[in-house]
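Here the structure comes first, spelled out in structure tokens, and everything after it is commentary.
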Amino acid sequence: MLFKGGGALEVLAGIDTFAFDKTGTLTTGRAAVTRIVALDGDEAGFLALLAGLEAGSEHHIAAAIAREVAARGIAAARVVDVTARPGLGILGRDDRGPLWAGNSYLAEEMGARIDQPELRALTDTAQTVIGLGRGPELLGAVCVADEARASSAPALSALRRGGVRRIVMMTGDRRPVALRIGADLGLKPDEIHAEMLPQDKVRAVGEMAANGKVAFVGDGVNDAAALARADIGIAMGAAGSEVALQAADVALLSEDMERLADAHRLARRASVVIRQNLAFAIGAMLMLVAGGLFFDLPLPLAVIGHEGGTVLVVLNGLRLLSDPIRRPKQRAVPQPAAAMPRNSVPTG
Ligand code: ADP
Ligand code: MG
């Protein structure tokens, strides 16, 4: 975890609500294309066009499509004037005219529909459905599926155990996808917010910030504004975008979500130690002053009291170094037995 200053560590200790982005944050972001329906039957031509358009996007969906066409050995079509519609999809133009690719909201805006009977096999799944169209004419659609990170569910339970009152997931994706991933993570339906545009995420963070401190954890793809709006923005540093690192106060430099729970626990311990030290130092000062003024405290004793107090404060602070945060080195060792306790040192 990279903290941009000690202030972020203190704020992290007092967080009431953790709001998570879904795609690329709670999920791996390494999505795969699972189904393809080209309405004219020409799957290769359809994928070439879709890949040409998505080549201009930094979204996880675009990367999934690029991997699919590369695996099939299809060359992407030439698409120009590409512009992103954050939270909706992408627009562009080829030599036959304007094109779009995106979700049902973007389709609706273009006068097309994704929920047609030919696409029932796609829309009935709990996967992300991306339509490709030319104005009001839908050319086809693909399903893209992504899975929760293995470390996400344990991280969420550790945060709850650590005293976080509320955890929510926010996504621009379809509700069935959000509910499936949320269920995998042990989230209740009222903790899952789907079909949100980037500005909806900012508004929701603002509303939650009215009842306590809010942390937003995101990868910066369509959520940099929410990262900046929250009391503390936590960026997925390794998996996230450049803009996320700029907007955030904390960056998670590993893909391991449990590091976030570790950092939260360390922040809470640090805040307890800070309070203990302040109380102790002020108490010791008052005693020494009272001793000096009213009880003829000998100077050597006063010096020992003053310097000794400083040493105790430092020693109390050093207790934080004993925090049993799992070291990356230790984690790199393959753990053969599932029953092995978390912090044990592998032998043999
Ligand atoms: P999340 O909140 O889950 O991270 P986003 O806000 O990034 O999701 O995107 C929301 C939805 O917008 C996606 O599920 C997808 O339907 C659509 N979308 C966004 N970018 C693209 C793109 N480049 N191509 C197609 N669809 C996109
Ligand atoms: Mg995202």
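Atoms considered below: every heavy atom in the structure, side chains included; atoms not considered: hydrogens, waters and symmetry mates. One-based numbering, in listed order, for ligands and for the atoms of each.
- Proximity to N103 (heavy-atom distance under 4.0 Å) selects the following atoms of ligand 1: 11 (C), 12 (O), 16 (O), 17 (C).
- With ligand atoms numbered from 1 in the order given, ligand 1 contributes 23 (N) to contacts under 4.0 Å with heavy atoms of S57.
- Residue contacts with ligand 1: A62 is placed with no nitrogen or oxygen under 3.5 Å of a nitrogen or oxygen of the ligand (distance criterion only).
- Residue contacts to the Mg ion (ligand 2): D21 brings an N, O or S atom closer than 2.8 Å.
- Any N or O atom pair closer than 3.5 Å counts here, and T171 shares at least one such pair with ligand 1.
- In this structure, the side chains of L179 and P176 stay at 4.5 Å or more apart for every pair of heavy atoms.
- Of all protein heavy atoms, the one closest to atom 7 (O) of ligand 1 is H59 NE2, 2.6 Å.
- Close approach of ligand 1 to I61 is summarised as follows: ligand atoms under 4.0 Å from at least one heavy atom of the residue are 13 (C), 15 (C), 26 (N), 27 (C).
- Residues R175 and A194 come closest through the heavy atom pair CA-CB, 3.6 Å.
- The N/O atoms of E54, backbone and side chain alike, include one that comes under 3.5 Å of an N/O atom in ligand 1.
- For the residue pair S271 and E10, no side-chain donor N or O sits within less than 3.5 Å of a side-chain acceptor on the partner.
- Environment of CG in D40: crowded, with over 12 heavy atoms of neighbouring residues, nucleotides or ligands closer than 6.0 Å.
- The protein atom (non-hydrogen) at minimum distance from atom 2 (O) of ligand 1 is K201 NZ, 2.6 Å.
- Judged purely by distance below 3.5 Å, without hydrogens or angles, the side chains of T28 and D146 pair a donor atom with an acceptor atom.
- Under 3.5 Å, the side chains of D219 and H60 contain a donor-acceptor pair of N or O atoms.
- Inter-residue side-chain proximity for L156 and L187 is flagged as met; some heavy-atom pair is nearer than 4.5 Å.
- Residue D173 approaches ligand 1 through these ligand atoms, each under 4.0 Å from one of its heavy atoms: 14 (O).
- The protein non-hydrogen atom at the shortest distance from atom 26 (N) of ligand 1 is I130 CD1, 3.4 Å.
- Atom 17 (C) of ligand 1 has L88 O, 3.4 Å as its closest protein atom, hydrogens excluded (heavy atom only).
- The line from CZ of R259 to CG of L253 is 10.5 Å long, rounded to the nearest 0.5 Å.
- For ligand 1, the atoms sitting less than 4.0 Å from at least one non-hydrogen atom of N222 are 5 (P), 6 (O), 7 (O), 9 (O), numbered in the order shown with element in parentheses.
- For ligand 1, the polar-atom distance check against G172 finds a nitrogen or oxygen pair separated by under 3.5 Å.
- Nearest protein heavy-atom neighbour of atom 27 (C) of ligand 1: G89 CA, 3.4 Å.
- Residues S152 and M257 approach most closely at OG-CG, 3.8 Å, considering heavy atoms.
- Close contacts of ligand 1 with D21, meaning ligand atoms under 4.0 Å from a residue heavy atom, involve 1 (P), 2 (O), 4 (O).
- Those atoms of ligand 1 with a heavy atom of G102 less than 4.0 angstrom away are 25 (C), 26 (N).
- Contact check for L49 versus L132: side-chain heavy atoms found under the 4.5 Å cut-off.
- For the atom pair K22 NZ and L185 CG, the distance stands at 10.0 Å (nearest 0.5 Å).
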